[in-house]
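Comments concern the structure below.
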Amino acid sequence: MARLFFLLLLFPLLYSSVTGLNRSDFPPSFLFGASTSSYQVEGAYLDDSKGLSNWDVFSHVPGNIDDGSNGDVAADHYHRYKDDIEMMHSIGLSSYRFSLSWSRILPKGRFGGVNQAGVKFYNSLINGLLEKGIQPFVTINHYDIPEELQERYNSWLNPEIQEDFTYFVELCFKMFGDRVKHWVTFNEPNLIVKLAYSIGAFPPNRCSEPYGKCDSGNSSTEPYIAAHNMILAHAKTVNIYRKNYKSKQGGFVGISLHLRWYEPLRNITEDHLAVSRALSFDAPWILDPLFFGDYPHQMRQILGPNLPKFTEGEKKLLKNQIDFIGVNHYQTFYVKDCIYSLCDMDAYPSEALVSISTERNGIPIGKPTPVANTYVVPSSMEKLVMYLKQRYKSIPLYITENGYAQIANISTTAEEIINDIERSTYIRDYLTYLSFAIRKGADVRGYFVWSLMDNFEWISGYTVKYGLCHVNFKSLKRTPKLSAKWYSKFIKGYEQIEMASEELPKHMVS
Ligand SMILES: *[C@@H]1O[C@H](CO)[C@@H](O)[C@H](O)[C@H]1NC(C)=O
Ligand SMILES: *[C@@H]1O[C@H](CO)[C@@H](O)[C@H](O)[C@H]1NC(C)=O
Ligand SMILES: *[C@@H]1O[C@H](CO)[C@@H](O)[C@H](O)[C@H]1NC(C)=O
Ligand SMILES: *[C@@H]1O[C@H](CO)[C@@H](O)[C@H](O)[C@H]1NC(C)=O
């Protein structure tokens, strides 16, 4: 109780200030939202003829999920979406980013029929959002795929999946495109292929040593093959949309990437080049093909034949096949060159020939968070956005994920989770630096907190909590956290919000 009282006293301090961040630092049309994904929140994993996804199968194998849990029920969003829309409305969100469960709509991919109950669910969700003035921001594929496609032909390793994907997206445009104006083809293709095919921790658990221990796979080639198929599937999707739907529906198709920021460990040319290499293995890997028609030369130089090639016809198809970039940003690292310098690369296996760390001379890169290797460095938000603006010119950006995790253990109370002052501060400070980028001319059009509510956080199960709203996974009751209240006040523009410059690592402020 004493703790709660203390927090209540602190709370007003978060707002009051002389010259702080406020809603008018962002354009009036700017979307303030929150994100989720289908497998992480929906539950109802067998309801109404849904087909099995790769995650349904994977999470049921003992030992795969840290806390032995699965997404069978998750936050039960499938049954509680109406309450969740109410919750979003009361916070004041102008957009909700969610993903479609492919196997709920097409239980067997293109090898079976359309599940009308799945279509009905998403229609109800979309209509419910629009009734409250909340824009649906739809991710077509966020990690979960029909298990059928895995079993039939090895999913992303097979170019055939491009056919399945475009079959699915065409259906989505037909069914939902009259109301959905923002489509994200893939969530974090650059991360998921690493998790699935390099370290092999996510389905289909393929990898080779020294990156991981798996029954089969090849960490040097398969991540790049899987990403190659995703890039082509994305380009074909945009092509279909522009040809057949854009003029009637007037929407936009983008892609969301997992984007870290990097700082040179030492202020020497070699480490500045290492930063540029590390960066090119994140965004340009996926985006250079979609803007310029081919992979960045730094990747080609290092990976050689392990990086697949686009045909001349594909290069033509690829160019300018994107309407916006979705930025998912959580982490900042120091990088050290490993071409000209002696270094060991074992912190993270890095194909970019850099060594990655989170400390310089024993001083961490930012304020630590409960998640390993994840520090709070709000200025990275501005730097990342300015880097993308410089490389990809006038393309609109949406911050499709940014957020702070809490880790719960057996003795963590709901009260502790709900009083998330760290998350409130985190969001405020990242938004502050985002507003600096906007002031410098970056065309950023929205910001989505990951996540609307606590959910099934992949292999961490229910122990890692990113929500603005707490979910009691026994009663499934939702409770807005302190951060939801802060975000709400900010969006509604009630008060000015102070910037906590004392919380920023001094050496990071430039
Ligand atoms: C909000 O911020 C803007 C831009 O920094 C400033 O011009 C304006 O006065 C602020 N509004 C309030 C109510 O403080
Ligand atoms: C992975 O594939 C490459 C290219 O075909 C090959 O050189 C390498 O030996 C393979 N590695 C493993 C572990 O199979
Ligand atoms: C890095 O070194 C250059 C000159 O080599 C200097 O101008 C610059 O201020 C240094 N930057 C930092 C952050 O120390
Ligand atoms: C559980 O988490 C709390 C922070 O919420 C931490 O102080 C405590 O040490 C943790 N206990 C165990 C057993 O890990």
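Counting convention: from 1, in listed order, for ligands and their atoms alike. Because the structure is a prediction, the values reported are computed rather than measured. For reference, positions follow the sequence shown, starting with 1.
- Ligand 4 places these atoms under 4.0 Å from at least one heavy atom of Glu416: 5 (O).
- Ring pair Phe310/His228 is parallel by interplanar angle, where below 30° counts as parallel and above 60° as perpendicular.
- At a threshold of 4.0 Å, the pair Arg266-Asp271 counts as salt-bridged, since one of the basic side-chain nitrogens sits closer than that to a carboxylate oxygen.
- Electrostatic pairing of Arg80 and Asp84 does not count as a salt bridge here, judged by no charged N lying under 4.0 Å from a carboxylate O.
- In this structure, the protein non-hydrogen atom closest to atom 2 (O) of ligand 4 is Asn409 ND2, 2.4 Å.
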Show your working on side chain to side chain contact (heavy atoms under 4.5 Å, CB included) between Arg360 and Leu265 and close with a plain yes or no.
CA-CA 7 Å; Arg360 179 195 272 153; Leu265 181 67; 4.1 Å; yes
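- Under a 4.0 Å N-O distance rule, the pair Asp288/Arg391 qualifies as a salt bridge.
- Within a 4.0 Å radius of atom 9 (O) of ligand 4, the protein contributes no non-hydrogen atoms.
- Lys367 and Asp429 are not joined by a salt bridge, as no carboxylate oxygen comes within less than 4.0 angstrom of a charged side-chain nitrogen.
- Atoms of ligand 2 lying under 4.0 Å from at least one heavy atom of Thr221, given by number and element, are 2 (O), 3 (C), 4 (C).
- There is no protein heavy atom less than 4.0 angstrom from atom 5 (O) of ligand 2.
- Distance from atom 12 (C) of ligand 2 to its nearest protein heavy atom, with residue and atom name: Asn218 ND2, 3.4 Å.
- Among protein heavy atoms, the minimum distance from atom 13 (C) of ligand 3 is reached at Asn267 ND2, 4.3 Å.
- Of the heavy atoms in Ser208, only side-chain atoms (C-beta onward) come closer than 4.0 Å to ligand 2.
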